[in-house]
Amino acid sequence: MAAIETEALTKDFPIGFWRPRPYRALESLTLSVGEGEVFGFLGPNGAGKSTTLKLLMQLLYPTSGTARILGRPVGDVSVKRRLGFLPEHPYFYDYLTSEELLTYFASLFGYHGEDRRRRVAAVLDEVGLGAERRLKLRQCSKGMVQRVGLAQAILNEPEVIFLDEPMSGLDPLGRRDVRQLMLRLRARGCTVFFSSHILADAEALCSQVAILAQGRLRAQGRLSELLAFELKGWELVVSDLAADRRAALESRGVRITHIDHDRCTLELPATPGPEALVHELAGGGARVVSLMPVRDTLEDLFVREVAAGGRRDTEGL
Amino acid sequence: MRAILLVAGAVFRESVRDRVPYSLVAFAVILMAASYLISQLTAGQDLKIIKDLGLASMSIFGLLIAVFIGIGLVAKEVERRSIFALLVKPMSRDQFLIGKYLGLVLTLIANLGAMTVAYYLVLGYTELTTHVSIKAGWPAPAVDPRLLLAIGMILAELMVVTAVALFFSTFSSPLLATLLTLGLWTAGHFNADLRNFGAVVESEVAAGIALGLYYLLPNLAPFDIKAEVVHGVPVAWSHLGLTLAYAAVYIAALLTTAVLVFRRRDFK
Ligand SMILES: Nc1ncnc2c1ncn2[C@@H]1O[C@H](COP(=O)(O)OP(=O)(O)OP(=O)(O)O)[C@@H](O)[C@H]1O
Ligand SMILES: [Mg+2]
């Protein structure tokens with residue numbers, strides 16, 4: 001069973017006060033995320049990521065389409081027990097401390113007494129707020145509030161967790177903590193669905209990604225498959241390459257760059273494969289130092305998919 | 001039910017931390033103390049002044065608390081988006097809204113309670129310091145338990161106002177909800193005039209509209225039994241019972257509508 005499924009999920013926002021016209025923030029999104037996956041939901045600003053997350057949390061109602069979490073329709077109270085959600089730019093109550101807030105939320109999840117106290121202490125430590133737990137939320141810095149947001153999302157040991165830009169507002173150490181937190185969640189078997197702009201994080205963490213732009217799904221799949229398609233060529237490092245061989249290769253259009261006096265890098269196209277050339281060079285006395293496939297990074301894929309949609313300018317308004 | 005009580009508890013705790021109700025309660029207490037000084041100028045003749053001013057400040061400051069905190073409960077929570085993390089917890093939107101209402105009623109009871117204690121202290125002090133001959137002229141004793149009736153009716157009225165505030169804040173911005181609630185409170189006190197409107201105007205349509213408004217708008221005048229209590233005039237139990245029943249029905253209708261609106265609402 002898929003942990004998260006959406007079918008043709010669509011959301012229109014009315015814009016304009018006087019005569020509202022619908023603005024399509026999300027167009028027919030069909031997704032399926034298996035249990036235990038770490039799913040990266042990527043897209044530029046305004047792509048519709050937060051809209052999708054809010055639809056999944058039933059903070060918004062879809063214009064059309066359906067969404068199911070753990071096999072039940074969204075908004076089902078019994079499913080809410082098993083979910084965690086970190087909203088974008090979380091904000092909580094000014095006058096409560098993080099400990100009080102988490103105690104309140106833990107009670108809503110049905111924790112009592114000593115059990116609850118221990119659970120709250122555990123999540124505070126997990127997000128690194130143990131020392132600041134008695135600070136009023138109004139006095140917390142942005143990154144601290146973000147951590148409180150993470151703490152409340154993992155409070156109930158969720159089976160599925162939704163994080164809207166979990167790294168936002170965090171310092172480099174904080175980001176590393178969040179990456180490790182997500183890895184721990186994955187190790188526990190929790191399905192993680194997170195939106196992000198930081199492709200390096202997605203590349204390091206996700207088993208699957210989806211790229212959304214202008215409300216439409218542009219690409220979706222296993223990271224290894226999405227990027228494997230995009231073999232761009234080979235990078236061959238050789239040493240002791242004879243000068244005449246080198247000239248011959250250059251005349252065949254192979255780009256050669258010197259690394260130092262006897263090593264150089266050859267850039268080869270993806271097809272034909274490098275095997276024949278390696279054979280030929282070895283026969284000529286050159287030695288192969290390394291052979292590496294050159295693949296697209298997630299960033300290349302992202303830029304291509306997003307650029308395909310084009311930008312909407314004001315046209316000199 | 002547990003979720004409702006938890007939300008109510010959180011409202012109560014947050015409003016206890018908030019400075020606004022404290023300053024309002026403090027201000028009301030200062031007014032009561034000041035009314036004592038004013039009454040001294042007339043050599044204790046005017047117990048009425050103390051009683052009137054005290055009840056009036058309870059009802060006005062109670063109103064301010066009900067409106068400002070009441071609006072903050074939902075509208076501000078939506079505007080600041082603190083509602084996002086809360087609504088995904090295992091409870092329904094209905095429970096959230098009812099919990100908010102209960103929490104505010106608890107807050108009102110606590111604040112009115114504090115004001116009542118201060119009120120009776122001022123009255124008790126007046127009782128002790130006034131000469132017997134002057135006391136003989138009072139229509140009702142200073143420490144009159146009947147004042148509690150008036151205060152109870154103030155609470156009932158504030159419960160209606162809170163339901164109005166909550167209702168507006170489920171679909172409009174904090175500022176608009178505040179204005180609408182204060183507007184409705186004002187209208188509620190002149191509501192009885194609408195009923196008589198039909199007798200004064202020619203137009204059937206205007207009279208019909210007036211009658212419609214009369215039933216739609218809260219009728220708050222019957223909750224005001226301050227003058228009767230202060231002057232020692234009896235108030236019929238049937239009047240109190242009917243007014244309370246009216247309050248219950250009106251609150252139930254408002255909360256039901258608020259819940260229905262809130263259920264379908266998008267949080268952006
Ligand atoms: N309440 C609203 N009314 C009208 N349009 C909205 C509303 N909320 C979002 N939108 C529009 O919907 C689109 C998607 O917004 P969304 O917040 O989902 O983007 P996002 O992918 O989360 O972007 P970001 O990376 O900046 O957080 C945007 O074009 C935005 O302008
Ligand atoms: Mg967003």
Side-chain angles (χ1 to χ4, degrees), chain A residues 11-14 25 50-51 53-63 69 74-97 100-110 112 136-138 145 148-153 155-156 158 162 164, chain B residues 1-23 68-69 72-100 103 107 170-173 176 260-268:
Chain A
K11 180 67 187 174
D12 289 340
F13 287 114
S50 300
T51 303
L53 279 157
K54 282 193 219 162
L55 285 166
L56 287 169
M57 294 295 103
Q58 211 182 52
L59 293 168
L60 295 176
Y61 286 93
T63 305
I69 298 173
V74 292
D76 190 302
V77 173
S78 68
V79 169
K80 281 179 170 181
R81 267 178 222 296
R82 300 150 71 190
L83 300 184
F85 174 53
L86 168 73
E88 186 176 30
H89 315 303
Y91 173 88
F92 305 103
Y93 311 94
D94 284 344
Y95 295 95
L96 298 185
T97 66
E100 288 166 335
L101 180 84
L102 292 172
T103 305
Y104 172 34
F105 284 173
S107 314
L108 285 170
F109 278 121
H112 294 276
K136 295 248 161 61
L137 288 166
R138 194 173 32 146
V145 175
V148 176
L150 282 163
Q152 60 87 33
L155 195 53
N156 57 328
F162 297 83
D164 200 349
Chain B
M1 194 58 207
R2 185 177 146 78
I4 294 181
L5 293 180
L6 285 167
V7 174
V11 169
F12 185 70
R13 198 170 36 209
E14 200 186 352
S15 62
V16 166
R17 300 277 169 84
D18 201 338
R19 259 179 272 111
V20 180
Y22 281 124
S23 40
F68 288 108
I69 305 187
L73 285 181
V74 177
K76 243 194 249 142
E77 189 142 0
V78 171
E79 199 176 70
R80 295 186 182 169
R81 299 185 308 233
S82 53
I83 198 168
F84 289 179
L86 192 54
L87 279 188
V88 303
K89 299 293 176 281
M91 65 172 155
S92 64
R93 291 189 182 188
D94 306 7
Q95 287 172 322
F96 167 83
L97 210 59
I98 302 299
K100 288 281 179 185
T107 308
T170 52
F171 59 84
S172 62
S173 71
L176 190 60
L260 292 178
V261 172
F262 198 64
R263 265 188 205 164
R264 296 301 308 171
R265 172 145 188 212
D266 270 354
F267 298 103
K268 293 170 182 173

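Labels below follow one simple rule: chain letters A, B, ... track the order of the sequence lines, proteins then strands, and each chain is numbered from 1. What you see is a predicted model, and the numbers here were worked out from it, not measured in a lab.
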Visitor: Would you confirm whether Arg81(A), through its side chain, and Pro90(B), through its main-chain N or O, come within 3.5 Å as a donor-acceptor pair?
Guide: no
Visitor: Measure distances from Leu83(A) to the heavy atoms of chain B and classify the residue's part below 4.5 Å as side chain, backbone, both or neither.
Guide: neither
Visitor: Is Pro87(A) close to chain B through its backbone or its side chain, or both, or neither, when contacts mean heavy atoms under 4.5 Å?
Guide: side chain
Visitor: What part of Lys268(B) gets closer than 4.5 Å to chain A, counting heavy atoms only: side chain, backbone, both or neither?
Guide: both
Visitor: Please determine whether a side-chain nitrogen of the Lys or Arg among Lys100(B) and Glu77(B) lies less than 4.0 Å from a carboxylate oxygen of the Asp or Glu.
Guide: yes
Visitor: Any idea which of Phe105(A), Phe109(A), Tyr104(A), Phe13(A) has the most non-hydrogen atom pairs under 4.5 angstrom with chain B?
Guide: Tyr104(A)
Visitor: Select one option (side chain, backbone, both, neither) describing which atoms of Phe162(A) are under 4.5 Å from chain B's heavy atoms.
Guide: neither
Visitor: What part of Asp94(A) is in contact with chain B, defined as an atom under 4.5 angstrom from a non-hydrogen atom: side chain, backbone, both or neither?
Guide: both
Visitor: At a heavy-atom separation under 4.5 Å, does Arg2(B) approach chain A through its side chain, its backbone, both, or neither?
Guide: side chain
Visitor: Residues two or more places apart in sequence or in another chain: which of them pass salt bridge (charged side-chain N to carboxylate O under 4.0 Å, His left out) with Arg263(B)?
Guide: Asp94(B)
Visitor: Main chain of Thr170(B), side chain of Arg265(B): is a donor-acceptor contact present, judged purely on distance under 3.5 Å?
Guide: yes
Visitor: Any chance the side chains of Gln58(A) and Lys80(A) put a donor and an acceptor closer than 3.5 Å?
Guide: no
Visitor: Asn156(A): which residues meet the side-chain hydrogen bond (donor to acceptor under 3.5 Å, both in side chains) condition with it, sequence neighbours left out?
Guide: none
Visitor: If we define contacts as heavy-atom pairs under 4.5 Å, which of Gly149(A), Gly110(A), Pro90(A), Ser107(A) has the most with chain B?
Guide: Ser107(A)
